[in-house]
Amino acid sequence: MSKMKKTRKPGGGRKKLKPEYDAGKNLKEQMESAVALYDSEMSLQAIGEELGLNPIKVRKLLITAGVYESEVAEKVQAAFQEYCETQDYKTSILSTANTLKLSKASVTSYLPYQKGVYFPSTEKDKISVGAERQRRYRAMKWWRADPTEEYFWGVVVAYAGVKFKTYSGLPFSYEIKKVGMASTQKSCGSTAGIRVKV
């Protein structure tokens, strides 16, 4: 007797951990905000402060949108495009850096975004599952290397919203809410619908 293969259901497979996450949409929103501020003649530094990004990321957003122009940006993009015709992406970046006597980081900062922009750590809904996992890993690594109160709270913030199981198997998660400018209200968690706050 032969075993029958189960037919796969359409849409089957692992469910997305963050179905609402859309890197393209996030990039477009950030780009539109940066362009609007740039059109109102704000500096890269001022735009960065407004959006919570550093000025290099702001410049990269504006380059991606096609509104930022500079002599260096034009040279980098022209050299990069020329190398891309005969080399892969990574090698093209290295060749461009060598030709223009720039660092690899400088070259990539003058090229448009390929995937998306990385957001400040407070906006968990705007980052990918992988980026969120890396932030938790780094927070834990720093705390283990130097177990200070600052690094402890870094871990607490990084794991906010993560679903755990208690020792007895009950579901558990916690969230942190900002209250005012300076203080932070810590919600210690919930188990089976009961919330505990400190």
Side-chain angles (χ1 to χ4, degrees), residues 16-84 87-142 150-151 153-161 176 178 181 184:
K16 286 187 173 184
L17 294 174
K18 285 186 163 187
E20 72 285 349
Y21 175 75
D22 183 354
K25 181 182 171 195
N26 292 340
L27 176 63
K28 186 177 180 208
E29 288 173 2
Q30 283 291 87
M31 232 178 349
E32 288 170 354
S33 300
V35 169
L37 295 171
Y38 188 67
D39 287 344
S40 67
E41 298 185 8
M42 286 178 76
S43 69
L44 297 180
Q45 184 71 38
I47 295 169
E49 288 171 7
E50 183 76 25
L51 298 178
L53 299 170
N54 71 41
I56 293 171
K57 287 184 180 179
V58 171
R59 181 179 66 202
K60 196 167 173 83
L61 277 171
L62 296 171
I63 288 170
T64 305
V67 296
Y68 182 85
E69 294 176 0
S70 77
E71 190 178 324
V72 176
E74 287 174 19
K75 283 181 181 178
V76 168
Q77 290 171 20
F80 178 75
Q81 289 303 324
E82 188 177 321
Y83 286 119
C84 272
Q87 300 173 352
D88 64 12
Y89 184 84
K90 188 177 178 180
T91 311
S92 298
I93 288 174
L94 294 172
S95 298
T96 303
N98 288 335
T99 302
L100 299 176
K101 308 279 190 266
L102 296 170
S103 69
K104 181 183 161 193
S106 291
V107 170
T108 57
S109 75
Y110 282 103
L111 296 175
Y113 276 111
Q114 297 291 315
K115 295 179 183 174
V117 61
Y118 298 103
F119 289 86
S121 59
T122 53
E123 298 184 56
K124 283 190 172 185
D125 59 326
K126 298 269 187 178
I127 62 172
S128 69
V129 173
E132 193 173 340
R133 191 177 297 122
Q134 284 181 341
R135 285 183 181 165
R136 288 195 301 263
Y137 170 79
R138 285 188 193 122
M140 188 64 83
K141 182 180 172 185
W142 292 332
E150 179 185 354
Y151 288 130
W153 282 110
V155 172
V156 170
V157 170
Y159 278 88
I176 298 174
K178 283 191 176 183
M181 292 294 278
T184 302

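Just so it is clear, the values below take in all heavy atoms, side chains as well, and ignore hydrogens, waters and symmetry mates.
- Expressed to the nearest 0.5 Å, how far OG of Ser95 lies from CG of Asp88 amounts to 9.0 Å.
- The side-chain heavy atoms of Val107 and Leu100, taken from C-beta on, include no pair separated by under 4.5 Å.
- To the nearest 0.5 Å, atom NZ of residue Lys60 and atom CG of residue Leu111 are 5.5 Å apart.
- Closest non-hydrogen pair, Pro112 versus Thr64, comes out as CA-OG1, 3.3 Å.
- Taking each heavy atom of Lys104 and Ile93 in turn, the nearest pair found is CG-CG2, 3.6 Å.
- Using a 4.5 Å heavy-atom cutoff, the side chains of Ile63 and Tyr110 are in contact.
- Taking CD of Glu29 as the start and CD of Glu32 as the end, the distance is 7.5 Å to the nearest 0.5 Å.
- The structure places CE of Met42 at 8.0 Å from CD of Glu49, a figure rounded to the nearest 0.5 Å.
- Across every non-hydrogen atom of Val35 and Val67, the tightest pair is CG2-CG2, 3.9 Å.
- Between Phe80 and Tyr89, the angle of the ring planes goes over 60°, which puts this pair in the perpendicular group of the 30/60° scheme.
- Rounding to the nearest 0.5 Å places CG of Leu61 at 12.5 Å from CD1 of Ile56.
- At distances below 3.5 Å, at least one donor-acceptor pair connects side-chain atoms of Ser109 with backbone N or O atoms of Ser106.
- Considering OG1 of Thr96 and CD of Gln81, their distance stands at 9.0 Å, rounded to 0.5 Å.
- The closest side-chain heavy-atom distance from Leu37 to Leu51 is below 4.5 Å.
- Annotation for Asn54 and Lys57: closest pair OD1-N, 2.8 Å, computed over non-hydrogen atoms.
- Using a 4.5 Å cut-off on side-chain heavy atoms (C-beta onward), Tyr38 and Arg59 make no contact.
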